[in-house]
*Asks:* 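Next up is a structure, given as structure tokens.
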Amino acid sequence: MKKTILLFTVPDTPGSLYRVLEKFYLHNVNLSMIYSRPVKVIPWNYYFYLEFDGDLVMAEKTGLLQELKNVTQQLKIKGTYTTLVT
């Protein structure tokens, strides 16, 4: 199974994180991990690490990556890796 990790920031406004998570729901993509860390130089702002099931080819074909770019301030693709499924 392939998994991909993204790093992103969203504006500090109501519903910003929801708009990102909604894209995964609408594309029927499972999230396996999400956590946040404060942005050190900007108080009360956070960046998010997110891991989802699938690879970048799938995300690009379905339009998921473009939709994520539209609802995030910054979007960085950390990479895709294959897990050992037993």
Side-chain angles (χ1 to χ4, degrees):
M1 171 182 285
K2 292 189 178 193
K3 294 187 180 248
T4 301
I5 297 177
L6 304 175
L7 172 77
F8 65 91
T9 60
V10 292
D12 186 21
T13 57
S16 292
L17 181 58
Y18 167 78
R19 285 183 200 82
V20 173
L21 299 178
E22 176 188 38
K23 303 304 178 197
F24 290 94
Y25 170 74
L26 293 174
H27 286 272
N28 198 29
V29 175
N30 185 49
L31 300 180
S32 50
M33 184 261 316
I34 183 171
Y35 65 90
S36 63
R37 293 289 179 254
V39 175
K40 293 181 181 181
V41 295
I42 306 171
W44 304 108
N45 280 292
Y46 296 87
Y47 64 90
F48 296 89
Y49 280 102
L50 183 142
E51 179 183 78
F52 67 89
D53 295 346
D55 61 9
L56 293 174
V57 174
M58 175 276 304
E60 190 68 45
K61 275 187 188 177
T62 62
L64 175 60
L65 274 184
Q66 185 57 49
E67 289 183 36
L68 291 173
K69 288 176 185 176
N70 293 339
V71 294
T72 57
Q73 288 178 318
Q74 282 188 309
L75 178 66
K76 294 183 182 180
I77 299 164
K78 301 307 273 182
T80 299
Y81 65 95
T82 303
T83 61
L84 298 176
V85 180
T86 57

*Asks:* In Å and rounded to the nearest 0.5 Å, what is the CG to CZ distance from Asn30 to Phe24?
*Replies:* 10.5 Å
*Asks:* Test your reading of the model: is there a side-chain donor-acceptor pair from Ser16 to the backbone of Asp12, 3.5 Å cut-off?
*Replies:* no
*Asks:* Applying side chain to side chain donor-acceptor pair (under 3.5 Å), can you list everything that pairs with Thr82, at least two apart in sequence or on another chain?
*Replies:* none
*Asks:* Sequence neighbours left out, what passes side chain to side chain donor-acceptor pair (under 3.5 Å) with Thr9? Give chain and number order.
*Replies:* none
*Asks:* State which residues pass side chain to side chain donor-acceptor pair (under 3.5 Å) with Asn28; sequence neighbours excluded, sorted by chain then number.
*Replies:* none
*Asks:* Please identify which of these residues, Leu56, Val57, Thr80, meets the side chain to side chain contact (heavy atoms under 4.5 Å, CB included) condition with Lys2.
*Replies:* Thr80
*Asks:* Are Thr72 and Leu6 close enough, and set up right, to give a side chain to side chain contact (heavy atoms under 4.5 Å, CB included), and what steps lead you there?
*Replies:* CA-CA 11 Å; Thr72 57; Leu6 304 175; over 6 Å; no
*Asks:* With a 6.0 Å cut-off on ring centres, are Tyr47 and Phe8 close enough?
*Replies:* no
*Asks:* Grab the two heavy atoms, one from Asn45 and one from Ile42, that are nearest each other, plus how far apart they are.
*Replies:* ND2-CG2, 2.6 Å
*Asks:* Just wondering, are more than 12 heavy atoms of other shown residues or ligands nearer than 6.0 Å to OH in Tyr81?
*Replies:* yes
*Asks:* Atom CD of Glu22 and atom CG of Leu17: how far apart are they, to the nearest 0.5 Å?
*Replies:* 11.5 Å
*Asks:* I'd like to check the side-chain contact (heavy atoms from CB on, under 4.5 Å) partners of Val71; sequence neighbours left out, ordered by chain and number.
*Replies:* Arg19, Val20, Lys23
*Asks:* Please say yes or no: joined through hydrophobic side-chain contacts below 4.5 Å, possibly via intermediate residues, are Leu7 and Leu21 part of one cluster?
*Replies:* no
*Asks:* Looking only at heavy atoms, which two atoms of Val29 and Asp53 are closest? And how far apart?
*Replies:* CG1-O, 3.6 Å
*Asks:* With sequence neighbours left out, write down each residue that passes side-chain contact (heavy atoms from CB on, under 4.5 Å) with Thr62, or none if nothing qualifies.
*Replies:* His27, Met58, Leu64
*Asks:* Donor-acceptor pairs under 3.5 Å, side chain of residues 32-41 to any protein atom, not counting sequence neighbours: which ones?
*Replies:*
{"unit_1": "Ser32", "atom_1": "OG", "unit_2": "Lys3", "atom_2": "NZ", "d": "3.3"}
{"unit_1": "Ser32", "atom_1": "OG", "unit_2": "Glu51", "atom_2": "O", "d": "3.4"}
{"unit_1": "Ser32", "atom_1": "OG", "unit_2": "Glu51", "atom_2": "OE1", "d": "2.6"}

*Asks:* In the hydrophobic cluster built from side-chain contacts under 4.5 Å, what are the other members alongside Tyr25?
*Replies:* Leu26
*Asks:* Atom CD1 of Ile5 and atom NZ of Lys78: how far apart are they, to the nearest 0.5 Å?
*Replies:* 9.0 Å
*Asks:* Verify the cluster assignment for Tyr18 and Leu50: are they in a single hydrophobic cluster under the rule of side-chain heavy atoms below 4.5 Å apart?
*Replies:* no
